[in-house]
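One structure is given here, and the rest of the page talks about it.
Owing to the predicted nature of the structure, the values given are computational and were not obtained by experimental measurement. Every heavy atom of this structure was used, including side-chain atoms; hydrogens, water molecules and symmetry mates were not. Here, residue 1 is the first one in the sequence, and each next residue gets the next number.
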Amino acid sequence: MSTAPAPEPPQLLGIQEAATLLGVTMRTLRFYEDKGLIAPHRSGTMRIYSRREIGRMQLILRGKRLGFSIREIKEFLDLYDVDPEHHEQVRALKDKVAERITDLRKQKHAIEQTLDELVSIERQALAWLDGSPIRPVDD
């Protein structure tokens, strides 16, 4: 059994087709256009999305999923445009990813502490409801 590669999107798409392909709303596409992250071609009042714009939107959406700000995503995209070898872009990306990993690890630690405390409080509440003696909350 062979698996055929996924078909490439057509060269040019209208806003509805682009939104459907990307799994976003038309409003989302207009938002990123207003922020200067994408620049679809125009035919009168109709927006036309090329493979380049679709690719940029895929990068934008991935950046948002990873927790990067619009400003940071714009910086990555701008570096991509001015650095044909992509050295600066990769360097900047590496630094931002390292920062994001550090931030997420701190958040994970804080969440684990909060969960431990909530589990302790839940146990004490259940014990109280069952008539068991209550022990003080662990600090």
Side-chain angles (χ1 to χ4, degrees):
M1 180 194 297
S2 67
T3 57
E8 289 197 24
Q11 288 282 51
L12 301 174
L13 299 170
I15 191 168
Q16 181 62 57
E17 294 86 6
T20 300
L21 177 69
L22 294 163
V24 299
T25 63
M26 293 185 296
R27 183 176 178 185
T28 298
L29 292 175
R30 288 189 293 269
F31 172 81
Y32 288 115
E33 181 183 356
D34 290 344
K35 296 294 180 185
L37 277 76
I38 58 172
H41 301 285
R42 296 278 187 154
S43 178
T45 60
M46 194 168 128
R47 291 172 171 88
I48 308 292
Y49 293 82
S50 65
R51 283 188 181 160
R52 178 181 186 275
E53 299 310 312
I54 297 298
R56 286 176 70 91
M57 272 303 301
Q58 289 169 331
L59 290 172
I60 292 164
L61 295 171
R62 184 176 186 201
K64 289 303 292 175
R65 273 193 314 274
L66 294 174
F68 292 105
S69 69
I70 291 174
R71 182 185 49 77
E72 290 169 323
I73 293 168
K74 183 166 179 14
E75 289 172 9
F76 295 141
L77 292 173
D78 290 346
L79 283 172
Y80 184 84
D81 289 339
V82 298
D83 179 17
E85 299 296 318
H86 308 299
H87 295 294
E88 287 302 314
Q89 181 190 30
V90 172
R91 228 177 260 116
L93 179 63
K94 179 192 71 66
D95 292 344
K96 290 292 184 182
V97 166
E99 281 178 34
R100 186 79 181 119
I101 288 169
T102 299
D103 291 345
L104 286 172
R105 285 186 173 143
K106 287 177 185 174
Q107 289 176 359
K108 179 182 175 188
H109 180 69
I111 288 169
E112 287 169 349
Q113 284 182 318
T114 302
L115 280 171
D116 289 346
E117 188 173 347
L118 288 170
V119 166
S120 175
I121 293 168
E122 180 183 44
R123 282 189 192 130
Q124 290 178 24
L126 288 171
W128 184 82
L129 291 171
D130 290 341
S132 301
I134 300 213
R135 292 177 307 172
V137 175
D138 299 327
D139 287 331

Short side-chain to backbone donor-acceptor contact, T114 and A110, under 3.5 Å |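 Checked: pair present.
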
Inter-residue atom distance [X].[atom1] - [Y].[atom2], 0.5 Å rounding:
{"X": "R30", "Y": "R47", "atom1": "CZ", "atom2": "CZ", "value": "6.0 Å"}
{"X": "R52", "Y": "Q11", "atom1": "CZ", "atom2": "CD", "value": "14.0 Å"}
{"X": "L22", "Y": "L29", "atom1": "CG", "atom2": "CG", "value": "6.0 Å"}
{"X": "F31", "Y": "L37", "atom1": "CZ", "atom2": "CG", "value": "8.5 Å"}
{"X": "R100", "Y": "L93", "atom1": "CZ", "atom2": "CG", "value": "13.0 Å"}
{"X": "K96", "Y": "I101", "atom1": "NZ", "atom2": "CD1", "value": "13.5 Å"}

Closest heavy-atom pair and its distance - [X], [Y]:
{"X": "S43", "Y": "I48", "value": "CB-CG1, 4.3 Å"}
{"X": "E53", "Y": "A39", "value": "OE1-N, 2.8 Å"}
{"X": "A18", "Y": "I54", "value": "CB-CD1, 3.7 Å"}

The criterion is side chain to side chain donor-acceptor pair (under 3.5 Å); which residues satisfy it with [X], sequence neighbours excluded?
{"X": "E75", "value": "R71"}
{"X": "R91", "value": "E88"}
{"X": "R27", "value": "none"}

Could you walk me through whether K74 and D78 pass side-chain contact (heavy atoms from CB on, under 4.5 Å), step by step?
-> CA-CA 6 Å; K74 183 166 179 14; D78 290 346; 3.4 Å; yes

Other than V119, what residues sit in its cluster of Ile, Leu, Val, Met, Phe, Trp and Tyr side chains whose heavy atoms are under 4.5 Å apart, directly or through others?
->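 Same cluster as V119: nobody, lone residue.
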
Would L104 end up clustered with L66 when hydrophobic side chains under 4.5 Å apart are linked, directly or stepwise?
->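 Looking at the clustering, L66 is in a separate group from L104.
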
Given side-chain contact (heavy atoms from CB on, under 4.5 Å), test L77 with I60 step by step and report yes or no.
-> CA-CA 9 Å; L77 292 173; I60 292 164; 3.7 Å; yes

Please report the C-alpha distance between Y49 and E33 in whole Å, then the side-chain angles of each, then the deciding distance to 0.1 Å, and finally whether the side-chain contact (heavy atoms from CB on, under 4.5 Å) criterion is met.
-> CA-CA 11 Å; Y49 293 82; E33 181 183 356; 4.3 Å; yes

ring-ring contact (aromatic ring centres under 6.0 Å, His included) involving F68 - partner list, sequence neighbours excluded |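 ring-ring contact (aromatic ring centres under 6.0 Å, His included) check on F68 returns F76.
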
So do K108 and E112 actually touch side chain to side chain, heavy atoms under 4.5 Å?
->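 Result yes, sub-4.5 Å side-chain heavy-atom pair found.
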
Output every pair passing side-chain hydrogen bond (donor to acceptor under 3.5 Å, both in side chains) with a member in residues 56-70, not counting sequence neighbours, ordered by first then second residue.
->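 Qualifying pairs: R56-D81, S69-E72.
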
Determine whether more than 12 heavy atoms belonging to other residues, nucleotides or ligands lie under 6.0 Å from atom CD of E122.
->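 Counting neighbours around CD of E122, 12 or fewer heavy atoms of other residues, nucleotides or ligands fall under 6.0 Å, so no.
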
